J.: 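Handing you a structure now.
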Amino acid sequence: MFKRILIANRGEIAVRIIRACRELGIECVSVYSTADKDSIHINLSDRSICIGPPPSNKSYLNINNIISAAVVTKCDAIHPGYGFLAENPKLEESCNENDLTFIGPPADIISLAGNKSKAIKVMKAHKIPVIPGSEGNIESINDALRFAKKIGYPVIIKASFGGGGKGMRICKNKKDLRSSFPLAKSESKSSFGIGEVYLEKYISKPRHIEFQIIADNFGNITCVGERECSIQRRHQKLLEEAPATNLSVKTRKTMQEFALRAARSINYKNLGTIEFLLDENEKFYFIEINTRIQVEHPVTEMVTGLDLIKEQINIASGKNIAHLPKNIKVNGHAMEFRINAEDPDNNFSPNSGKIINCFLPGGPGIRIDTYIHSNYSISPFYDSLLAKLVVWGNTRQEAISRSIRALNEFKIDGIKTTIPFHKKILNSDLYKSGNIHTHFIEEELGI
Ligand code: MV4
């Protein structure tokens, strides 16, 4: 087992990783930018190293500074968390060159997952259902028109190296495609450095369901259930659940089998997520692989009793997953609310400033993952996630009433947050019915 881990992140996930290290008896080294000098992840760790000024590209994205910090503090491993360098194959490579273990999959798997059109091609070759489309990049407008004619309109153009909905364009007809194709290509080039795009049939109101995979270095792979992540706004997830609601036993089982097949087909290592879109007829399609621990991992932890960060660390240190049951039992229902420093009454604009006072909910079935405290100033440099309220109930209904209770207790004074918006979602009959999809917020709440 590792003696000392460097945590290459900040905020709630840095705190979460420190907690897992502490329970495993592993020492923690934190890194921070000058904007984070008063952040709690520094206090909670054994040592901390300043890695640069506030802008991420000078600190949390600076591979050289992070590797140097790990080397001078004699760490054995680096945990990247999510965001920042978590899906940068260069960090994994630099770790290898410096005798450090990267807590995550190898660089070739990270690279394959990062190239979405390539990942789809590989999955199709392994008979995983994919959305009808170009199955690879499209070079010319004529090829785009030819594919679109074959699969039928509407179609969607996606950036091969994209994410967060950037570079995506929906085309209802030939005219749309003609005008959007060059724009999508140049937007992809400017946002992601590579202008490669691919084409798919557009699915009108998909649900987003992802399966959590755990794989050790000895070829053992297991799936510990799924998460429903359809409640999102502008490609930012707001609330996630486990298990997925309104999913037939048969579809869940089939999807899980395909998720395992997808992971096995690329010799997946460590924790990963296989993402699917599900259409209105319960047909599902692979869309992408995430090679990091995800923001929403706690809902899986709440219904399985696992500690996914400990699993990542154990696997990276060379342990097997023999202790995990072959068929994980899912107990009850969990939901996660992302409490962001954003103003829902002002187009969710980011809100920085001082938290004068805060009160965190508690009691049965409540978990809070956060780094905030009273008198803490939220920096404008990083993402707006303040806290994750994670709620467990015996049933989805109990989880919902408990969530309303917890959101009513939750007080953050000094900055605007998404707490009132979550209450609105929970008040919706459609949400309560479980009939949710990725356009729920715009259609039901008109936002
Ligand atoms: C789609 C789609 C409809 N048809 N692909 C958005 C982010 C990326 N991960 C995939 N996304 C979508 N791909 C086809 N062929 C609709 C979406 C989509 C979406 C997907 C997951 C979660 C939220 C979403 C919100 C809007 C659109």
Side-chain angles (χ1 to χ4, degrees), residues 82-83 87 113-121 123-124 128-138 144 147-148 150-172 176-177 180-181 184 187-188 191-192 196-211 226-241 244-245 247 255 259 262 272-292 294-296 299 336 338 348 425 431 435-445 447:
Y82 54 69
E87 285 158 300
N115 184 341
K116 293 179 185 150
S117 63
K118 194 170 168 197
I120 289 168
K121 242 180 162 165
M123 291 306 146
K124 172 134 209 253
I128 312 288
V130 300
I131 302 171
S134 58
E135 286 145 34
N137 299 320
I138 298 201
F147 270 112
K150 202 173 114 193
I151 60 181
Y153 289 91
V155 296
I156 182 167
I157 311 171
K158 293 185 179 177
S160 299
F161 291 86
K166 251 192 173 166
M168 272 183 16
R169 264 158 210 270
I170 301 160
C171 309
K172 289 200 211 65
D176 281 357
L177 182 55
S180 294
F181 185 78
E187 192 178 313
S188 302
S191 304
F192 311 110
E196 293 174 359
V197 297
Y198 60 105
L199 201 80
E200 283 177 350
K201 174 96 185 157
Y202 179 67
I203 298 169
S204 73
K205 281 185 199 176
R207 296 160 65 187
H208 175 146
I209 297 181
E210 54 185 36
F211 285 74
E226 81 284 357
R227 295 184 284 262
E228 150 66 64
C229 306
S230 299
I231 303 289
Q232 57 82 41
R233 185 188 165 272
R234 300 203 177 161
H235 305 290
Q236 297 298 318
K237 293 171 187 165
L238 279 165
L239 132 52
E240 301 94 347
E241 303 183 31
T245 67
L247 188 62
M255 289 177 85
T273 305
I274 311 294
E275 289 188 1
F276 295 98
L277 292 186
L278 195 64
D279 71 15
E280 289 169 298
N281 303 315
E282 256 199 23
K283 268 190 86 170
F284 60 87
Y285 312 90
F286 165 89
I287 51 165
E288 54 189 80
I289 305 169
N290 291 315
T291 59
R292 61 178 185 278
Q294 288 189 269
V295 176
E296 59 271 26
V299 292
E336 174 185 274
R338 298 193 188 194
F348 289 79
I425 296 174
Y431 179 77
N435 254 317
I436 49 180
H437 52 74
T438 50
H439 298 280
F440 170 86
I441 288 183
E442 57 199 271
E443 285 189 6
E444 177 75 356
L445 304 176
I447 293 159

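Order of appearance sets the numbers: ligands from 1, and atoms from 1 within every ligand. Treat the numbers as computed from the prediction; the structure is a model and nothing was measured.
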J.: Say whether Glu275, considering both its backbone and side-chain N or O atoms, lies within less than 3.5 Å of an N or O atom on ligand 1.
T.: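 Among all N and O atoms of Glu275, none is under 3.5 Å from an N or O of ligand 1.
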
J.: To which protein heavy atom is atom 20 (C) of ligand 1 closest, and what is the distance rounded to 0.1 Å?
T.: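 Checked against all protein heavy atoms, atom 20 (C) of ligand 1 sits closest to Leu277 CD2, 3.8 Å.
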
J.: Is the shortest distance from a Lys or Arg side-chain nitrogen in Arg227 or Glu336 to a carboxylate oxygen in the other one below 4.0 Å?
T.: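 Judged by the 4.0 Å cut-off on N to carboxylate O distance, Arg227 and Glu336 do not form a salt bridge.
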
J.: Give the residue and atom name of whichever protein heavy atom lies nearest to atom 23 (C) of ligand 1, and the separation in Å to one decimal.
T.: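 Going atom by atom, the protein heavy atom closest to atom 23 (C) of ligand 1 ends up being Thr438 CG2, 3.3 Å.
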
J.: Look at atom 25 (C) of ligand 1 and say which protein heavy atom is nearest, naming residue and atom and giving the distance to 0.1 Å.
T.: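 Ranked first by proximity to atom 25 (C) of ligand 1 is Gln232 NE2, 3.1 Å.
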
J.: Of all the non-hydrogen atoms in the protein, which one sits nearest to atom 9 (N) of ligand 1, and at what distance?
T.: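 It is Glu288 OE1, 3.3 Å.
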
J.: Is there side-chain contact between Met168 and His235, with at least one heavy-atom pair below 4.5 Å?
T.: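 Result yes, sub-4.5 Å side-chain heavy-atom pair found.
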
J.: Heavy-atom contacts with Tyr202 under 4.0 Å: which atoms of ligand 1 show up? List them by number with element.
T.: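 Numbered from 1, ligand 1 contributes 3 (C), 4 (N).
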
J.: Provide, to 0.1 Å, the distance between atom 11 (N) of ligand 1 and the closest protein heavy atom, together with that atom's residue and name.
T.: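 The closest heavy atom on the protein side is Met168 SD, 3.8 Å.
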
J.: Could you identify the single nearest non-hydrogen protein atom to atom 5 (N) of ligand 1 and state the distance to 0.1 Å?
T.: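 Nearest protein contact, heavy atoms only, for atom 5 (N) of ligand 1 is Lys158 NZ, 2.8 Å.
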
J.: For atom 16 (C) of ligand 1, what's the nearest protein heavy atom and its distance?
T.: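 Residue, atom and distance for the closest contact: Pro206 CG, 3.8 Å.
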
J.: For ligand 1, which atoms have a heavy atom of Lys201 less than 4.0 angstrom away?
T.: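 Reading through ligand 1 atom by atom, the close ones are 4 (N), 14 (C), 15 (N).
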
J.: Between Lys124 and Glu135, is there a side-chain N and carboxylate O pair less than 4.0 Å apart?
T.: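 Salt bridge present between Lys124 and Glu135.
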
J.: Do the side chains of Glu210 and Lys237 get close enough for a salt bridge, i.e. N-O under 4.0 angstrom?
T.: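 Salt bridge between Glu210 and Lys237, a charged N being under 4.0 Å from a carboxylate O: yes.
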
J.: When you compare the side chain of Tyr431 with that of Leu239, does any pair of heavy atoms fall below 4.5 Å?
T.: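 The answer is yes, as the side chains (C-beta and beyond) meet within the 4.5 Å cut-off.
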
J.: Applying a heavy-atom cut-off of 4.0 Å, say which part of Ser204 lies close to ligand 1: side chain, backbone, both or neither.
T.: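 No part of Ser204 is near ligand 1 at this cut-off.
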
J.: Mind checking the CE-CD1 spacing from Met123 to Ile287? Nearest 0.5 Å is all I need.
T.: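 Between Met123 CE and Ile287 CD1, I get 13.0 Å after rounding to 0.5 Å.
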
J.: Using a 3.5 Å cut-off and no angle test, enumerate the donor-acceptor pairs between side-chain atoms of residues 159-167 and protein atoms at least two apart in sequence or in another chain.
T.:
residue, atom, partner, partner atom, Å
Ser160, OG, Ser117, OG, 3.2
Ser160, OG, Asn137, OD1, 2.6
Ser160, OG, Glu196, O, 3.4

J.: Out of His235, Arg233, Glu442, who is nearest to atom 27 (C) of ligand 1 when you count heavy atoms only?
T.: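 Result: the heavy atom closest to atom 27 (C) of ligand 1 is in His235.
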
J.: Would you find a donor on one side and an acceptor on the other, under 3.5 Å apart, between the side chain of Ser134 and the backbone of Leu199?
T.: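 Looks like yes, one N/O pair under 3.5 Å.
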
J.: What is the closest protein heavy atom to atom 4 (N) of ligand 1, and at what distance does it sit?
T.: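 The closest one turns out to be Ile203 N, 2.9 Å.
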
J.: Under the criterion side chain to side chain contact (heavy atoms under 4.5 Å, CB included), I'd like the reasoning laid out for Leu278 against Leu247: C-alpha separation, chi angles, the key distance, then a yes or no.
T.: CA-CA 10 Å; Leu278 195 64; Leu247 188 62; 3.6 Å; yes

J.: Within ligand 1, which atoms have a heavy atom of Glu200 less than 4.0 Å away?
T.: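 Selected atoms, number and element: 5 (N), 14 (C), 15 (N).
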
